[in-house]
Amino acid sequence: DPLPKPILNDGPEVSYVPFRNTLAVITDQGVKEVSYKEFEDFCIWRDQIIDRDYNGIVPYDDAHFVRFLRNVTKNDDARFKSFVSALGYLLHNHSKPSLGQAIIFYDEKITDPDSPEGGTGKGLIANAIRTIRKVVKIDGKRMNPSGRFAFQLVSPSTQIIWIDDVTGKFDFSSLFSLLTDGLTVEKKNQNSFLIPPEQSPKILICSNVILDSGGSSNKRRQFILELGDYYSSRIKE
């Protein structure tokens, strides 16, 4: 049925994170707690509301996740800032169709494609994002991105599509339309629906193999980040 009010969406300079007890409004000035009563003229997807109370923010330098990011970027400030930028892009539920990119996580040390090792923390980052935003995970090994029902798990409330563990045969160019023109979702035995480009889910890809990045079309739509072996090197057999 038609919704009685518009959906509350992030804007270019503001982001909304709904918790059980309050709405966190994020701007470049920081985070402010706002009562839901101030947004009575909008709707919020029920499955986007985080099922816990918001109790403020841990001091930045004391956060375990910050320490984790420092470790996987080998305490390199430039690499760390690239990760922070990418995470901000994924968490900010606002899209500019002309600037649509997929965030791609690789291992810094690429192993044998036939027996990839992983263990660097790619999945941990994706699951961390999952605690804040509505993420749909798709098995990259089985996915045919050009198939009719490739994105049938996606709903209008989906904010991030996580394509995990893709193979070297993955056709990245098949995502071009999704990144710039929106997404038409087809589900078996159901009507299809369109998610407009301004509301399209962000794309996160985790891979143990290098995808095709040749040509300017691929390059400008890929934001590549490499995770160091800080954790994988400590795995005991």
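In this chain, residues are counted from 1 in sequence order.
- The side chain to side chain donor-acceptor pair (under 3.5 Å) test applied to K32 returns no partner, not counting sequence neighbours.
- In terms of modelled atom types and a separation under 3.5 Å, the side chain of S15 and the main chain of G11 share no donor-acceptor contact.
- Taking CG from L179 and OG from S174, the interatomic distance works out to 9.5 Å, rounded to the nearest 0.5 Å.
- Between D77 and R70 a salt bridge is recorded (basic side-chain N to carboxylate O distance below 4.0 Å).
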What verdict does the side-chain contact (heavy atoms from CB on, under 4.5 Å) test give for F105 and T120, after you've listed the backbone C-alpha separation in whole Å, the side-chain angles of each residue and the deciding distance to 0.1 Å? CA-CA 10 Å; F105 289 151; T120 56; over 6 Å; no
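- The same ILVMFWY cluster, assembled from side-chain heavy atoms under 4.5 Å apart, contains both V84 and I103.
- In this structure, K74 does not pair ionically with E226, as no charged nitrogen and carboxylate oxygen lie closer than 4.0 Å.
- At least one side-chain heavy atom of Y106 sits less than 4.5 Å from a side-chain heavy atom of I104.
- Among V136, I205, L90, V135, the single residue meeting the side chain to side chain contact (heavy atoms under 4.5 Å, CB included) criterion with W162 is V135.
- Note: L153 CG to K137 NZ = 12.0 Å, rounded to the nearest 0.5 Å.
- Closest heavy-atom contact between F172 and A102: CE1-CB, 3.8 Å.
- Proximity of I161 to L183: side-chain heavy atoms (C-beta onward) are separated by under 4.5 Å at one or more points.
- Listed here is the closest heavy atom pair of I163 and G140: CG2-CA, 3.9 Å.
- The line from CG of D229 to NZ of K109 is 4.0 Å long, rounded to the nearest 0.5 Å.
- In summary, of the residues considered (F39, Y54, Y36), a ring-ring contact (aromatic ring centres under 6.0 Å, His included) with Y16 occurs for F39 alone.
- By the rule that hydrophobic residues join a cluster once side-chain heavy atoms approach within less than 4.5 Å of another member, I26 and L8 end up as members of separate clusters.
- Formation of a donor-acceptor pair under 3.5 Å by the R67 side chain with backbone atoms of A63 is not found in this model.
- Note on L178 and F193: same hydrophobic cluster, where clusters join Ile, Leu, Val, Met, Phe, Trp and Tyr whose side-chain heavy atoms are under 4.5 Å apart, directly or indirectly.
- The side chain to side chain donor-acceptor pair (under 3.5 Å) search around N93 returns none, not counting sequence neighbours.
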What's the verdict on side-chain contact (heavy atoms from CB on, under 4.5 Å) for V185 and F149, showing C-alpha distance, side-chain angles and the deciding distance? CA-CA 7 Å; V185 178; F149 305 112; over 6 Å; no
Take D53 and F19 through the test side-chain contact (heavy atoms from CB on, under 4.5 Å) and record every step on the way to the result. CA-CA 6 Å; D53 289 345; F19 287 84; over 6 Å; no
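- Legend: side chain to side chain donor-acceptor pair (under 3.5 Å) pairs involving residues 178-198, not counting sequence neighbours, sorted by first then second residue: R148-E186.
- Using a 4.5 Å heavy-atom threshold, the side chains of L175 and F170 count as touching.
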Are L91 and I129 close enough, and set up right, to give a side-chain contact (heavy atoms from CB on, under 4.5 Å), and what steps lead you there? CA-CA 7 Å; L91 293 172; I129 295 169; 4.0 Å; yes
What's the verdict on salt bridge (Lys or Arg N to Asp or Glu O under 4.0 Å) for K122 and D164, showing C-alpha distance, side-chain angles and the deciding distance? CA-CA 9 Å; K122 301 186 296 295; D164 187 42; over 6 Å; no
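- Remark: K202 pairs with no residue by the salt bridge (charged side-chain N to carboxylate O under 4.0 Å, His left out) rule, at least two apart or across chains.
- Here the closest non-hydrogen pair linking P145 and F151 is O-CE1, 4.1 Å.
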List the atom pairs, donor and acceptor, that lie under 3.5 Å between side-chain atoms in residues 41-52 and the rest of the protein, sequence neighbours left out.
residue, atom, partner, partner atom, Å
D47, OD1, S157, OG, 3.0
D47, OD2, K134, NZ, 2.8
D47, OD2, S157, OG, 3.0
Q48, NE2, S157, O, 2.8
D51, OD1, R20, NH1, 3.3

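- Y231 is linked by a ring pair (Phe, Tyr, Trp, His ring centres under 6.0 Å) to F68, counting only residues two or more places apart in sequence or in another chain.
- Listed for the T158 side chain is no donor-acceptor partner under 3.5 Å among the backbone atoms of I160.
- When the side chains of ILVMFWY residues are joined at heavy-atom separations under 4.5 Å, either directly or via intervening members, F65 and L204 end up in a single hydrophobic cluster.
- Within a 6.0 Å radius of CD in E13, no more than 12 heavy atoms belonging to other residues, nucleotides or ligands are found.
- Each of V166, D171, T167 was compared with K169 under the side chain to side chain contact (heavy atoms under 4.5 Å, CB included) criterion, and only T167 meets it.
- With rounding to the nearest 0.5 angstrom, the OG1 atom of T73 is 10.0 Å from the CG atom of L225.
- Within the model, atoms CZ of F80 and CG of N71 stand 10.5 Å from one another, a figure rounded to the nearest 0.5 Å.
- Note that CG of L87 and CG of L69 are 6.0 Å apart. Values are rounded to the nearest 0.5 Å.
- Proximity of a side-chain donor or acceptor of H94 to a complementary backbone N or O of Y89 within less than 3.5 Å is not detected.
- Under the 4.5 Å side-chain contact rule for hydrophobic residues, L99 and F223 do not share a cluster.
- Here the side chains of V17 and R133 are in contact, with some heavy-atom distance below 4.5 Å.
- For the pair V25/V31, no side-chain contact is recorded, criterion being any heavy-atom separation below 4.5 Å from C-beta on.
- Closest approach of I195 and P156 over heavy atoms only: CD1-CA, 4.4 Å.
- The two residues R79 and V72 come nearest to each other via the heavy atoms NH2-O, 3.8 Å.
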